[in-house]
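For ligands, and for the atoms within them, numbers begin at 1 and follow the listed sequence. Residue numbers count from 1 along this sequence.
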Amino acid sequence: MAGKIHILKAELANKIAAGEVVQRPASVVKELLENALDAKATRITVIVKEAGKSFIQVIDDGEGMSPDDALTAFERHATSKIATAEDLEAIRTLGFRGEALASIAAVSQVEMKTRQASDETGFLLRIEGNDLLEQSNVAMESGTTVVVKNLFFNTPARRNFLKSRTTELKNITDVVTRMAIAYPEVAWQYTSDEEELLDLRPKSADGRLKDLFGDRQAESLVRVRATADYLTIDGYIGRPDFARKSRAEQFLFINRRFVLNRSINHAVFQAYEHLLDKGMFPFYILNLTLDPHRVDANVHPSKMEVKFENESNIYRFVLSTVRKSLASNDVIPTLSMQADATLGRLDERLRFSQPQAPSPGAVPSQAEVGGQTTRLSFAPGEGLDQVDLEKLFGKIERRLGAEPLRKDGEATFPADLQRVTPPSSDRLLQHRPMRAPGEKEPVQEGRAIWQVHNKYILSQVRTGLLIVDQHVAHERILYEQVLANFENNLPTTQQLLFPQTIQLTASDYSLVKELLPHLEKIGFDLKMFGKNTVVIEGIPADVRVGNEAEILQNVLDEFKNTEQKGTIDARDKLAKSFACKAAIKAGDRLSTAEMIVLIDQLFATQMPYVCPHGRPIVVKITTEELDRRFGRR
Ligand code: ADP
Ligand code: MG
């Protein structure tokens with residue numbers, strides 16, 4: 001008796017495979033475009049009718065195929081792109097499975113014309129549901145044209161599952177748009193039901209973005225570029241005020257292949273930290289270039305997902321790169337006084353300003369901004385007279401307006417991002433303790449920096465007035481120091497002459513025990529004495545002596561509080577709690593020297609504009625705003 005198991009006929013097997021690769025018209029377009037790009041086309045035309053349901057045509061001017069290859073191409077697992085298992089580990093093409101043409105042909109009526117430049121004539125073949133209906137020679141330019149008619153004509157169930165014309169067309173448009181972003185050097189033409197939707201000439205990457213998203217959007221973008229050992233990030237991120245209500249305008253490419261990846265997506269989102277309102281998503285276009293050995297593109301039928309060899313490394317790299325790019329740009333909130341200042345909540349009156357084009361004369365000369373001279377690092381009372389505040393604020397000003405727009409609206413990008421990148425964490429570790437109250441204050445007559453109500457620091461900058469909240473500013477500085485300590489293992493502890501004993505509740509005692517390794521990294525030197533007693537023998541360098549027991553208790557309380565709000569990462573939470581509780585407070589009087597150090601260190605952080613809890617640190621009132629207010633214009 002014959003067994004129950006039998007091998008499926010090729011035709012049926014192809015139909016099943018097609019179910020994975022070809023889910024909708026947009027999948028056909030995607031596969032055909034990938035083939036055209038793999039064939040090194042420089043001009044690609046896409047024509048669809050009825051959102052691709054009745055007609056899809058892709059015309060390219062690429063390498064073309066010989067007649068034999070053209071026939072073979074429709075076999076399953078027929079590919080010119082890989083040959084060995086090693087090749088599969090190092091994919092540099094968009095296609096590699098050799099399934100697309102076979103799958104498409106299984107569920108539609110296909111006509112292909114192709115000609116290699118070296119061949120006299122082109123070759124035409126017609127296939128329907130895998131049956132070869134016609135082959136002949138044709139006259140044509142070199143390249144390949146594929147027509148796919150009546151998709152799913154022989155799989156009615158699939159056909160019925162297709163969505164509305166609008167939805168299917170949108171899917172196709174998305175596919176074409178993503179490819180056009182990733183391949184700006186290619187000319188793209190895209191027509192739907194006789195209507196030309198795109199006609200893009202070859203451009204530079206940012207030229208292409210303007211063509212696709214308009215000048216306004218393109219100008220709101222911040223250039224991102226960074227390289228680590230095996231990974232390069234290149235692209236653009238949107239300024240926070242251009243954030244969107246959906247993720248639709250987030251484009252992630254791995255080696256120029258559009259992919260969806262939650263982890264990297266999250267890294268970008270995280271980098272915006274509190275710069276975005278709830279429910280808003282940043283616009284971004286990022287291409288990660290990495291050795292194909294380190295990423296597996298063969299994990300999903302539509303190749304839309306990838307697996308990284310070391311995802312957490314990539315996560316961290318994306319996070320820090322995007323963060324730095326944001327920090328080195330002017331995303332500082334500007335206080336607009338145009339509206340009646342009594343109206344609305346504060347956060348409604350804060351909006352993110354556009355970077356302003358400085359007049360050419362106002363740009364500080366190289367000597368004036370020369371990095372080293374403006375880096376403050378001093379012990380209290382020492383060398384302050386040498387400090388040239390003009391230089392200091394010249395530097396801040398440059399950071400704030402790091403990427404001015406040219407008059408013609410074209411964004412200019414610094415050739416060397418290093419220049420505007422915040423200093424590394426060892427710089428942060430050089431941080432000197434704030435001076436204890438009562439220490440003699442060096443005379444700083446005539447400097448453009450003031451403390452107001454022992455709460456805010458006012459300082460003049462080239463384009464206006466900065467207002468800094470001293471508590472949140474210090475909070476941001478401490479927060480980043482603590483995070484750096486966690487990474488570097490180099491806590492700066494001041495040993496106490498008289499260790500303090502503190503009695504905790506049982507639950508706080510076990511919390512301290514649990515957090516001990518982290519607390520030590522922050523700079524606490526604690527002895528667990530038993531019986532819920534802790535002896536504080538040393539405290540972080542930045543904590544004012546005398547407050548140690550109180551600060552430890554406050555940090556624990558804050559930690560417990562944030563826990564209830566469901567923060568996940570214990571170290572980050574501890575960093576935030578510590579920063580909040582150890583920072584100078586509103587009401588603390590600061591000397592001019594302390595204010596200068598504070599401002600300098602603030603702008604050396606990665607994100608000087610918002611505190612770890614999301615409150616604004618800096619507000620700027622531009623001179624224009626003041627002029628308007630006083631009726632000068
Ligand atoms: P894959 O792209 O995974 O190799 P496909 O089924 O998409 O598989 O294509 C099979 C082969 O047909 C490709 O490897 C390529 O050699 C050839 N081919 C397909 N489309 C084109 C094209 N537009 N121009 C040149 N060659 C093509
Ligand atoms: Mg392919």
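- Each of the following atoms of ligand 1 lies closer than 4.0 Å to a heavy atom of G95: 2 (O), 3 (O).
- Between atom 19 (C) of ligand 1 and the options N35, L33, D38, T72, the minimum heavy-atom separation is to N35.
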| request: Carefully, step by step, assess F213 and F283 under the rule ring pair (Phe, Tyr, Trp, His ring centres under 6.0 Å). | output: CA-CA 11 Å; F213 298 102; F283 176 105; 5.2 Å; yes

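- The protein heavy-atom contact nearest to atom 10 (C) of ligand 1 is A78 O, 3.3 Å.
- A salt bridge does not link R262 with E305: none of the charged nitrogens is closer than 4.0 Å to a carboxylate oxygen.
- The shell of residues lying under 4.0 angstrom from ligand 1, judged by heavy atoms, includes R97.
- For atom 22 (C) of ligand 1, the nearest protein heavy atom (residue, atom name, distance) is T144 OG1, 3.7 Å.
- Residue N35 comes nearest to K81 through the heavy atom pair OD1-NZ, 3.2 Å, listed as atom of the first residue, atom of the second, then distance.
- The closest protein non-hydrogen atom to atom 25 (C) of ligand 1 is A39 CB, 3.5 Å.
- The distance criterion of under 3.5 Å between nitrogen or oxygen atoms is not met by A102 with respect to ligand 1.
- Any N or O atom pair closer than 3.5 Å counts here, and G98 shares at least one such pair with ligand 1.
- Per-residue contacts place A100 under 4.0 angstrom from the following atoms of ligand 1 (heavy atoms of the residue considered): 6 (O), 7 (O).
- W188 approaches V186 most closely through the heavy-atom pair CD1-O, 3.1 Å.
- Ion pairing between D234 and R225 holds under the 4.0 Å rule for side-chain N and carboxylate O.
- Using a 4.0 Å cut-off between a side-chain N of Lys or Arg and a carboxylate O of Asp or Glu, K210 and D206 do not qualify as a salt bridge.
- Among protein heavy atoms, the minimum distance from atom 14 (O) of ligand 1 is reached at S80 N, 2.9 Å.
- For atom 4 (O) of ligand 1, the nearest non-hydrogen atom of the protein is T79 OG1, 2.5 Å.
- Neither the backbone nor the side chain of A41 has any atom closer than 4.0 Å to an atom of ligand 1 (non-hydrogen atoms only).
- Counting heavy atoms closer than 4.0 Å to ligand 1, residue D60 contributes side-chain atoms (C-beta onward) but none from N, CA, C or O.
- In this structure, M65 has a heavy atom closer than 4.0 Å to ligand 1.
- Salt-bridge annotation for E141 and R115: absent, with no side-chain N of the basic residue lying under 4.0 Å from a carboxylate O of the acidic one.
- With respect to R97 and E31, no salt bridge is recorded, no charged nitrogen being found less than 4.0 Å from a carboxylate O.
- Using cut-offs of 30° and 60° for the angle between ring planes, the F251 and F253 rings count as parallel.
- Contact annotation: for L101 versus ligand 1, heavy atoms closer than 4.0 Å belong to both the backbone and the side chain.
- For ligand 1, the atoms sitting less than 4.0 Å from at least one non-hydrogen atom of F96 are 1 (P), 3 (O), numbered in the order shown with element in parentheses.
- The protein heavy-atom contact nearest to atom 12 (O) of ligand 1 is A73 CB, 3.4 Å.
- Taking distance alone, with nitrogen or oxygen atoms compared against 3.5 Å, K81 approaches ligand 1 more closely than that limit.
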